[in-house]
Each structure stands twice: as structure tokens, then as C-alpha cells.
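Worksheet: the structure to be examined is printed underneath.
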Amino acid sequence: MQMIKGWALCLLVYPFLACTNLKPVQLFSEEALKGLDQFHELDYGFTTSCLGDCTFERISHYSIERNIQCNCSDYEKADSLVSDLYQTLINYWDGLYRLSSSELIRYQLDMPAASLAGAGWNQLDPEQLNAYQKLSEMGINAAAGKYRRKKLVRYMNEADPHISLISEKLTFVLEKNLLGILDIQEESWYMYYKTQVLDASLNTIEKELAAERYYQLKDNAARIRKKTLLLVRILHHLSETHHLFTAEDMNINGDIFKDGVRSLANDLNELHYALEQLKQ
Amino acid sequence: MKERLDSVFLSQLADDFLEIAKKFNDFRFEKISQQEISQDTFIEMGKNARVLMDTAREMKLLSTLIVEKETAAALQHLKALNQEIKETITSLKQIQVAFDLIGGLGALALAIVEKNPATISDKINGLMALLKKKAS
């Protein structure tokens, strides 16, 4: 009789277990976190550009000061905004990752079972009690898994329009404004070094040094530009994939989701590789 | 002219300013090379180009700092959702705490039934340690 009850419980629990695999969401958020982590590789920001310009201005006027004063407070505000947008995205993906992680919760009933066994109030032998404990744990974990899946789907659906808007603002700021400021900086270098090269009072070696310095700065700017654009592509990709999943009345265990995550991982790997190349 | 100065419009305007400054610079470098303008005119034109570029810079910065209503609302909503996710994770973790406490209380009850003071004290200590551990 006990055995039949056990099997019945198994059959009852199995369908729960079959549909509570949250691995695809975990992989998706893991890829997203890896992609967003590349943000730390971007060694250029609004404040950096302001300080760079401020120093360059002193250099071009041959001005040496003991304590250089640069007013970059508005540029710091811009960096704070970028950081706020970025951190909100990170927190979202991190939350999804932790909620979908199988490591988050694996409920164990060791303590209640032990006290039940110690009390001797049940009619079960230790082996049967252990079997029931394990089955109950499976049932609880499966129910919790189903609950988590429901929550994840709701969170992703609710977050989607916000993810799109925040990513849009962030990519706009990086691509158009931060790189726009870099363009302006490059024009400043052009103006200064071109004037130096045309200056009749400088000899050829001095002119050559000016040209060399200009091309060094250009080279560095090109590297910053490439990195920023790769990051922008990562942000676009994540936002689009997130939208695709939520728009498709998402089944997180369905093939569309799994294929989508696989394809995202491949695309992001290419972008990571391109970023690695830039580091060398 | 656009009625509302939004971030995209300002950014595009800044790009236009930079383009004008670049053309202005090309022109003055060409003219000074051909000695068609004086050094003073060349410097004066350079200052004008600089003004255009500084304005473009300010516009790019302003465009960044303008956060449209929709984006600000999206940021607030996502932050609230992130908090909700965090709370869900905490509640899920607390279920295990509840199971452990049930077990601990059961063991304490058993010790009380058995009227064994040493075991009661052990179980209470165990329960306190559990509470302390879980609370941290």
C-alpha cells in the first residue's frame, strides 16, 4: 500500500518537474551579464573627456599650474546618468539570473523529518520516512520552480518596454553624445597640431613630433570609438532579443527561446572576441 | 524650428555645429597655406571655430542630461521591478528558514515532552543559533 502511494506521488510530482526547467532563462541572463560586463572595458567617459580637454588646453597654451582646476561637474552628472542607466539594467539581469538559478533554492526537509523520526509519532520506518522526505522535497522544489517560472515570465513581460527605453537612451548617449564629444575633441587636436605644422618658426623635427603626437591621439580615439560601438551593439542585441522573447508569448522551455539564447550567445561571443582584439 | 528641444534634436544640432566648424577650419587652413589671409585673420577665424565647437560640446552634454519623461518613468519602473525581484528571491529563501525552524521547534517540543532539562537547553541553544544564522 505504501509503495502504491509512493508511486502515485511520483506520478503527481513528475509533470511539475518536467516543466520547471529555468536553465534557458539562466543562460539568457548569464549571457546578458557577460555582455554588459564589457562596459568596464570602456576607459572613456564624459568626465575623462572633460579632464582631457582641460589638460590639452593648458598644454596648448604652455601653461603649467601647480594645481590644475578643471570644472567638470556637469560631465560628472552625465557619467552618473550613464552609470544609473547601466546599473539598472545590470540589476535586472542579475535578478533574473538569481531567480532562475537552480542554486538559489533547493529546499531540504532534513530538520522536520529528523524531529518527526525522533518523536516516534509516525508509523513509518526510517527508509520510508526518508523516501517520503525526498518526494516531498521534490514536490516542494517543483512547485517552487513553477512559481519562479510564472514570476520570471511576468517580470520579463513587465520589464520589456522599460528595457527598450533605457537601452535606447543608453545607446543614444554613448553613440551620439559620448562619441560626438570625442569627435569634437579630435577636431581640437586637428586644429592645434595642424597649426603647429604650418608654423614657420618650428623646424622639421618639431613638426614631425607634432604630427606623430596627433596620429597617436587619433589612433587612441579610433580604439575608443570601436569599443563604444561594440558595446552599443551588445546593448541593442540584448534589448532586441529580450523583446523578441516577450513578444512571442514566451515559452521559456520552447525551442524558440532556446534557439534564441544560442544565437544570442554566438553573436555576443563574436563581439567579445572583437573587444578582446582591441585590448591588445 | 522644433518647438521642443529634445535630446535627439540637440545632439543633431551639435553635429551640424561641428560640421560647420570643420569646414571653417578647412577653409582657414587652405587660405593661410596659400597666404591669402593674414596670421591675425587666421587666428581670429580659429577662435570662431572654437566657439562653434565649444557650443557643440555643451549641446552634446545637455542632450545627455535631458531625460525625457518616458525614459525617466521607465527607469523608475525597472528599479521598482528589480526591487520586487529581490524581494521574491528573499521570500523564496525564507521558506527554507521556516522548514528549519519547524524542525528545530519539533525537536524542542520532543525534549519538553521527555522532560529532559539538558536536552531542552541544547535544543533552545540550537534554535537560537539557527535564528542567528538565518537572520544574518
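The sequence lines fix the lettering, A, B, ..., with proteins before strands; numbering per chain opens at 1. The figures that follow rest on heavy atoms only: side chains count, while hydrogens, waters and symmetry mates do not.
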So what's closer than 4.5 Å to chain A heavy atoms on [X]: side chain, backbone, both or neither?
X: Q83(B); answer: neither
X: A14(B); answer: neither
X: F17(B); answer: neither

Within this structure, what is the [atom1]-[atom2] distance for the pair [X] and [Y], rounded to the nearest 0.5 Å?
X: T195(A); Y: F29(B); atom1: OG1; atom2: CZ; result: 3.5 Å
X: K22(B); Y: D183(A); atom1: NZ; atom2: CG; result: 5.5 Å
X: I85(B); Y: W93(A); atom1: CD1; atom2: CH2; result: 10.5 Å
X: T64(B); Y: N177(A); atom1: OG1; atom2: CG; result: 3.5 Å
X: T90(B); Y: R98(A); atom1: OG1; atom2: CZ; result: 7.5 Å
X: I89(B); Y: L99(A); atom1: CD1; atom2: CG; result: 5.0 Å

Decide, yes or no, whether a salt bridge links E84(B) with R154(A) under the criterion of side-chain N to carboxylate O below 4.0 Å. yes

Using 4.0 Å as the upper bound for N to carboxylate O, is an ion pair formed by K176(A) and D15(B)?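 Looking at D15(B) and K176(A), the cut-off is not met.
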
Should [X] and [Y] count as side-chain neighbours, where that means a heavy-atom distance under 4.5 Å?
X: Y190(A); Y: D26(B); value: yes
X: L78(B); Y: L89(A); value: yes
X: L65(B); Y: K77(A); value: yes
X: D53(A); Y: R57(B); value: yes
X: H77(B); Y: E158(A); value: no
X: Y147(A); Y: L92(B); value: yes

Is there a donor in the side chain of R50(B) and an acceptor in the side chain of S188(A), or the other way round, less than 3.5 Å apart?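 Yes.
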
For the residue pair T88(B) and Y155(A), confirm or rule out a side-chain donor-acceptor distance under 3.5 Å. yes

Need one label for [X]: side chain, backbone, both or neither, based on atoms under 4.5 Å from any heavy atom in chain B.
X: K151(A); answer: side chain
X: L178(A); answer: neither
X: S49(A); answer: both
X: Y92(A); answer: both
X: I184(A); answer: both
X: E168(A); answer: neither

Quick check on K31(B): does its NZ atom have over 12 non-hydrogen neighbours (other residues, nucleotides or ligands) under 6.0 Å away? yes

Over 12 non-hydrogen atoms of neighbours within 6.0 angstrom of CD in E87(B): yes

side-chain contact (heavy atoms from CB on, under 4.5 Å) between Q76(B) and H162(A), worked out: CA-CA 9 Å; Q76(B) 287 315 310; H162(A) 311 316; over 6 Å; no

I'd like to verify something: which residue of I166(A), I181(A), L165(A), V173(A) has the highest number of heavy-atom pairs under 4.5 Å with chain B? I166(A)

Pair count under 4.5 Å, heavy atoms only, with chain B: among L96(A), L85(A), D84(A), highest is D84(A)

Report the C-alpha distance between L18(B) and E187(A) in whole Å, list the side-chain angles of each, state the deciding distance to 0.1 Å, and finish with yes or no for side-chain contact (heavy atoms from CB on, under 4.5 Å). CA-CA 8 Å; L18(B) 178 62; E187(A) 187 60 16; 4.1 Å; yes

Indicate the atoms forming the closest heavy-atom contact of F172(A) with S7(B), along with that distance.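 Looking at all heavy atoms of both residues, the shortest contact is CZ-O, 3.5 Å.
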
Just so I understand: if I count every heavy-atom pair under 4.5 Å between each of [options] and chain A, which residue has the most?
options: Q12(B), K79(B), K60(B); answer: K60(B)
options: D54(B), L61(B), N25(B); answer: L61(B)
options: L81(B), V67(B), I32(B), L62(B); answer: L81(B)

Please determine whether side-chain contact (heavy atoms from CB on, under 4.5 Å) holds for the pair M191(A) and R28(B), giving the CA-CA distance in whole Å, both sets of side-chain angles, and the decisive distance to 0.1 Å. CA-CA 10 Å; M191(A) 277 173 77; R28(B) 72 187 184 104; 3.4 Å; yes

